[in-house]
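In what follows, a structure is listed as structure tokens, so that the remarks can point back to it.
Every chain is numbered from 1 and lettered A, B, ... according to where its sequence line falls, protein lines coming before strand lines. What you are looking at is a predicted structure, and each value in this text was computed from that prediction instead of being measured.
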Amino acid sequence: MTKATVTPPPNFIRDIIEKDRKEGKNEGRVHTRFPPEPNGYLHIGHAKSICLNFGLAEEYGGLCNLRFDDTNPSREDVEYVDSIMEDVRWLGFDWKDRLFYASDYFEQLYEYALQLIKKGKAYACDLSADEVREYRGTLTEPGKNSPYRERSIEENVDLFERMRKGEFPDGSRTLRAKIDMASPNLNMRDPVMYRILRASHHRTGDKWCIYATYDWAHGQSDSIEGITHSICTLEFEDHRPLYDWFIEQLGIFHSQQIEFARLNLSYTIMSKRKLLELVEEGHVGGWGDPRMPTISGLRRRGYTSESIRDFCERIGVAKRESTVDIVLLEHCLREDLNERAQRMMVVLRPLRLVIDNYPEDQEEELDAVNNPEDPSMGTRKIPFSRVLYIEKEDFREDPPKKWFRLAPGQEVRLKHAYYVTCTDVIKDERTGEVVELHCTYDPESRGGWTKDERRVRGTLHWVSSSHSFPVEVRLYDYLFTAENPGETEEGSDFKSSLNPNSLDILSACQAEPSLKEAEPGTRYQFLRQGYFCVDTADSVPDALVFNRTATLRDTWAKIEKALKMSEK
RNA sequence: UGGGGUGUAGCCAAGCGGUAAGGCAGCGGCCUUUGGAGCCGCCAUUCGGAGGUUCGAAUCCUCCCACCCCAGCCA
């Protein structure tokens, strides 16, 4: 059950940490943090970061903080704070008593800012947002100094204090670091440290009307918490000189910023902004829709936290931008659930099958193994009778080559039960659709074996029509049809590749009786179909709803495809 | 045309001067009361390209090419 703990694969961050420890940097401490902004739900890309930060801390006997980077109240909400904590916990990580908020440091940050002003390293600037942009210059041309750059320290202190007191309207002034308007790195061209913004903060309410920017808040927060290795994504690489500059000017504990490539997954998007758009425009049922790449979506879909952590381990950590094939995620899920999920029989698209030589009033109970991978999961009883349902797609009137399933005259095994041979096909007179099959069974084949050991290639799942009960099953497909939905042609947006068939609801499925007691969240393998879980939102005891987490690998589909190809 | 990064198989990814790990996908085969699972085998004469250094280069040097990020008072 428990996988052998293998040494995690090497990566460049581990190399850095090991070098630091060897050199005795930070007394050998490893202290990381996961710093989400509470402006959306966590997705699988965050899971990579969470596993990295908490994983590294654990591996080196260190600590990992959970810190909310809540410096922009206009986009943040406690709903997100709560969901983020729930998701990190669900993934199996524990920040213990180290829950922090950048907003915890607002006062300290303000004091730090005063220090910079007094050192002549920051100034109040009256330029408007548009003017700041103009003065910044371009990628190839240097910027020019703000006319307010040379204000006296006294004036800057006074103005900054009055900014805090709310004497100036929103956007009318900023506090800027005085660095170098000609720097080739735009982040060093007097970056804004504070903006005036009258927005109620989810934690500090209306106490503040000036808010620190990311650049000003992040590194200092890391320093305050004694973070040794501040791991973030690649787009912050050119912020690092600024990160270092602030810390060095202040002369405070120096955290080290390290950047890695964020996760991209095929057939989905990871941008919080775009995910929000899907939610707000109703393309999905919410952040936790089972088709979403969010942690809550994956959870509701039936993913296990173990499989997600395994996935994060397997994809590695590097600086190369990459898009991981989503089939690897599915593989991790299947590998986990194959060992743990109880098998059940559910017919998704029922076709009536009557066993003509089985007595009408007879029924019996057959033994079924709950999980062939794990005998300790025991067995259960399954009722059998004259009238059954099998899967529509398990019958072909004109079977192709290599067809092992049911066809006129062909014998198959009903899993755990008997061999049956198809003797007659009943069709709807008007549509020609096959509506009922007649078979005969071999009473000697009880349990699925005969003494003559004759070969029966096909094994079908089934339910007894008088014992089974109806359930709803939701089949999910990728949310997008494009492999890289984020990379769109000029003029079209990512929603143009939304998959219209990402959700298929089957409301007339028939389930074996043992499923009646299924609790929300429980995962099963429906034999020959895939992994399913009881929906946690919509399922009720008398009307069960199952989500398909993933299909089983379908070798027959490949064979049939190859057959069709060779015919052409 | 400024600065910062990155190029190893279809997709990830090790490799750190001694002759290309591993996983996923794919392809064969075995096995199978799930066309599932499992097992066995195959899958880079070559590391973005060209030169150079070296007995020896994916690893070091030079030049070139491609792609990504940066001009929010977002993070």
Side-chain angles (χ1 to χ4, degrees), chain A residues 9-11 15 35-37 39 69 71-72 74-75 125 127-129 132-134 136-143 170-176 183-189 191-197 210-211 213-215 217-218 232-241 259 261 263 266 272-273 313-332 334-335 338-339 343 345 368-369 371-373 402-405 413-417 419 445 447-449 456-461 483 525-530 551-560:
Chain A
N11 64 52
D15 292 346
E37 182 188 12
N39 67 343
D69 218 340
T71 56
N72 185 355
S74 63
R75 319 199 299 174
C125 180
L127 254 25
S128 70
V132 167
R133 189 181 318 121
E134 281 166 30
R136 185 155 34 225
T138 69
L139 293 177
T140 51
E141 297 158 320
D170 286 10
S172 61
R173 272 183 234 271
T174 55
L175 185 76
R176 294 227 257 163
S183 171
N185 180 347
L186 304 215
N187 294 299
M188 301 299 273
R189 321 242 264 227
V192 171
M193 297 165 61
Y194 279 94
R195 68 272 205 182
I196 303 174
L197 211 197
I210 56 171
Y211 289 95
T213 56
Y214 165 85
D215 285 311
H218 202 94
C232 63
T233 47
L234 250 29
E235 67 269 29
F236 294 104
E237 261 175 327
D238 42 18
H239 289 242
R240 193 183 341 124
E259 312 85 7
L263 170 67
S266 59
K272 268 200 247 177
R273 200 206 87 227
E313 188 91 317
R314 291 199 199 202
I315 57 176
V317 180
K319 298 195 73 156
R320 180 176 354 174
E321 299 213 41
S322 60
T323 301
V324 176
D325 195 334
I326 194 162
V327 300
L328 178 60
L329 212 211
E330 294 168 348
H331 168 83
C332 292
R334 292 190 188 107
E335 191 174 81
N338 177 49
E339 294 177 3
R343 272 58 170 172
M345 293 206 286
V369 171
N371 186 344
E373 305 294 321
K402 298 185 183 176
W403 176 262
F404 301 158
R405 282 121 94 148
R413 172 169 36 237
L414 297 176
K415 180 80 176 177
H416 305 307
Y419 291 176
S445 63
W449 268 125
V456 174
R457 300 291 296 272
T459 301
L460 310 187
H461 61 284
E483 194 171 336
Q525 184 195 100
F526 290 177
L527 226 60
R528 302 209 302 135
Q529 292 289 169
T551 60
L552 254 25
R553 287 186 64 195
D554 190 351
T555 305
W556 166 245
K558 281 180 198 169
I559 294 169
E560 192 173 33

### Task
Could you please name the option among A71(B), A75(B), G35(B) that lies closest to any side-chain atom of Arg133(A)?
A71(B)
### Query
Which part of the nucleic acid, if any, lies within reach of Tyr194(A) when heavy atoms closer than 4.0 Å are counted: base, sugar-phosphate only, or nothing?
nothing
Report all interatomic pairs (protein N or O, nucleotide N or O of nucleotides 20-25 of chain B) with separations under 3.5 Å.
residue : atom : partner   : partner atom : Å
G23(B)  : O2'  : Arg314(A) : NH1          : 2.9

#### Entry: Watson-Crick/G-U partner (both atom distances under 3.5 Å) of G28(B)
C40(B)
### Task
Using a 4.0 Å heavy-atom cut-off across all strands, classify Ile315(A) as base, sugar-phosphate, or nothing.
sugar-phosphate
### Task
In sequence, state the C-alpha distance, the side-chain angles, and the governing distance for Arg173(A) and Tyr194(A), and then conclude on side-chain contact (heavy atoms from CB on, under 4.5 Å).
CA-CA 9 Å; Arg173(A) 272 183 234 271; Tyr194(A) 279 94; over 6 Å; no
### Query
CD/Glu339(A) to CD/Glu373(A) distance, rounded to the nearest 0.5 angstrom?
7.5 Å
### Query
Base, sugar-phosphate, or nothing for Thr174(A), non-hydrogen atoms under 4.0 angstrom?
base
### Message
Could you measure the distance from the CG atom of Leu175(A) to the CZ atom of Arg195(A)? Nearest 0.5 Å is fine.
### Response
12.5 Å
### Message
Tell me if the side-chain of Glu373(A) makes a donor-acceptor pair with the base of G36(B), cut-off 3.5 Å, by modelled atom types.
### Response
yes
#### Entry: Gln525(A) CD to U34(B) P, straight-line distance once rounded to whole Å
11 Å
### Message
When the C1' atoms of C70(B) and A13(B) are compared, how many Å lie between them, rounded to an integer?
### Response
28 Å
### Summary
Rounding to 0.5 Å, atoms CD (Glu330(A)) and CZ (Arg553(A)) come to a distance of 12.0 Å
### Message
Say we look at G10(B) and G56(B): how far apart would their C1' atoms be, to the nearest angstrom?
### Response
32 Å
### Query
If you measure from CZ on Arg413(A) to CH2 on Trp449(A), what distance do you get to the nearest 0.5 Å?
6.0 Å
### Query
Does Asp238(A) make a side-chain donor-acceptor contact with the base of G3(B), cut-off 3.5 Å?
yes
### Pairing of Glu37(A) and Lys272(A) as salt bridge, 4.0 angstrom limit
no
#### Entry: C1' gap between G38(B) and C55(B), integer Å
48 Å
### Task
Classify the nucleic acid contact of His416(A) as base, sugar-phosphate or nothing, counting any heavy atom under 4.0 Å across all strands shown.
base
### Message
So Thr323(A), base contact, sugar-phosphate only, or nothing? Heavy-atom distance under 4.0 Å.
### Response
sugar-phosphate
### Distance, rounded to the nearest Å, where Arg136(A) contributes CZ and G2(B) contributes C1'
15 Å
### Message
At less than 4.0 Å, is any side-chain N or O atom of Arg273(A) found next to OP1 or OP2 of C74(B)? Yes or no.
### Response
no
### Query
Asn338(A) CG to C39(B) P: how many Å, rounded?
11 Å
### Task
May I ask you to say what Ile559(A) touches in the nucleic acid, namely base, sugar-phosphate or nothing, with a heavy-atom cut-off under 4.0 Å?
base
### Query
Think Thr213(A) has a side-chain N or O under 4.0 angstrom from the OP1 or OP2 of C74(B)?
no
### Query
Between Arg189(A) and G2(B), does any side-chain N or O lie under 4.0 Å from OP1 or OP2?
no
### Query
For the atom pair OG1 (Thr174(A)) and CG (Leu127(A)), what is the distance rounded to the nearest 0.5 Å?
7.5 Å
### Query
Once you round it to whole Å, what is the distance between P of C30(B) and CZ of Arg457(A)?
10 Å
### Query
Counting any heavy atom closer than 4.0 Å, what does Thr140(A) reach on the DNA or RNA strands: base, sugar-phosphate only, or nothing?
base
### Message
Categorize Lys415(A) for me: base, sugar-phosphate, or nothing, with a 4.0 angstrom heavy-atom threshold over every strand shown.
### Response
base
#### Entry: For U19(B), the Watson-Crick or wobble counterpart (both distances under 3.5 Å)
none
### Message
Tell me the interatomic distance from Lys319(A), atom NZ, to G7(B), atom C1', rounded to whole angstroms.
### Response
14 Å
### Query
Looking at CG of Asn185(A) and NE2 of His239(A), how far apart are the two atoms once the value is rounded to the nearest 0.5 Å?
8.0 Å
### Query
When you compare G18(B) with C61(B), how far apart are their P atoms, in angstrom units rounded to a whole number?
16 Å
### Query
When all nucleic acid strands are considered with a 4.0 Å heavy-atom cut-off, which category describes Arg176(A): base, sugar-phosphate, or nothing?
nothing
### Task
Decide yes or no on side-chain contact (heavy atoms from CB on, under 4.5 Å) for Arg314(A) and Val324(A), but give the supporting numbers first.
CA-CA 10 Å; Arg314(A) 291 199 199 202; Val324(A) 176; over 6 Å; no
### Task
Establish whether the base of G35(B) is bridged to the side chain of Arg405(A) by a donor-acceptor pair shorter than 3.5 Å.
yes
### Message
Please classify the nucleic acid contact of Asp15(A) as base, sugar-phosphate, or nothing, using heavy-atom distances under 4.0 Å.
### Response
base
### Message
Base, sugar-phosphate or nothing for Ser322(A)? Non-hydrogen atoms, less than 4.0 Å.
### Response
sugar-phosphate
### Task
Grab the CG-C1' distance between Leu139(A) and C68(B) for me, whole Å please.
14 Å
### Query
Does G72(B) have a Watson-Crick or wobble partner in any strand here, with both distances under 3.5 angstrom, and which is it?
none
### Query
Nearest to the side chain of Arg528(A), which nucleotide is it out of C73(B), G35(B), A75(B)?
G35(B)
### Message
What's Pro372(A) touching, base or sugar-phosphate or nothing? Going by heavy atoms closer than 4.0 Å.
### Response
base
### Task
For Val369(A), answer base if it contacts any base atom (sugar-phosphate contacts may also be present), sugar-phosphate if it contacts only those atoms, and nothing otherwise; contact means non-hydrogen atoms under 4.0 Å.
nothing
### Summary
Ranking U34(B), C12(B), C74(B) by distance to the side chain of Leu552(A), first place goes to U34(B)
### Query
With a non-hydrogen cut-off below 4.0 angstrom, is Leu329(A) in contact with a base, only sugar-phosphate, or nothing?
nothing
### Task
Look at the side chain of Leu186(A) and decide which nucleotide, out of A71(B), A75(B), C73(B), has an atom nearest to it.
A71(B)
### Query
With respect to the phosphate group of C74(B), does any side-chain polar atom (N or O) of Arg195(A) fall under 4.0 Å of OP1 or OP2?
yes
### Message
Rounding to an integer number of angstrom, what distance separates C39(B) and A58(B) when you compare their C1' atoms?
### Response
34 Å
### Task
Take atom P in A44(B) and the same atom in A21(B), then report the distance between them in whole Å.
10 Å
### Summary
Mate of C63(B) across any strand shown (Watson-Crick or G-U wobble, both atom pairs under 3.5 Å) is G49(B)
### Query
Is a donor-acceptor contact shorter than 3.5 angstrom present between the side chain of Gln529(A) and the base of U34(B)?
no
### Query
Does a side-chain N or O from Ser128(A) land closer than 4.0 Å to OP1 or OP2 of C73(B), or not?
no
### Task
Verify, without hydrogens or angle tests, whether Arg343(A) (side chain) and Ala368(A) (backbone) share a donor-acceptor contact under 3.5 angstrom.
no
#### Entry: Separation of the C1' atoms in G22(B) and G3(B), to the nearest angstrom
37 Å
#### Entry: Results of side chain to side chain donor-acceptor pair (under 3.5 Å) for Glu237(A) - residues two or more places apart only
Lys319(A)
### Task
Using whole Å, report how far CG of Asn371(A) lies from P of G38(B).
12 Å
### Query
So, is G38(B) syn or anti if syn means the angle is within 90° of 0?
anti
### Message
Using atom C1' in both nucleotides, what's the gap between G4(B) and C40(B) to the nearest angstrom?
### Response
48 Å
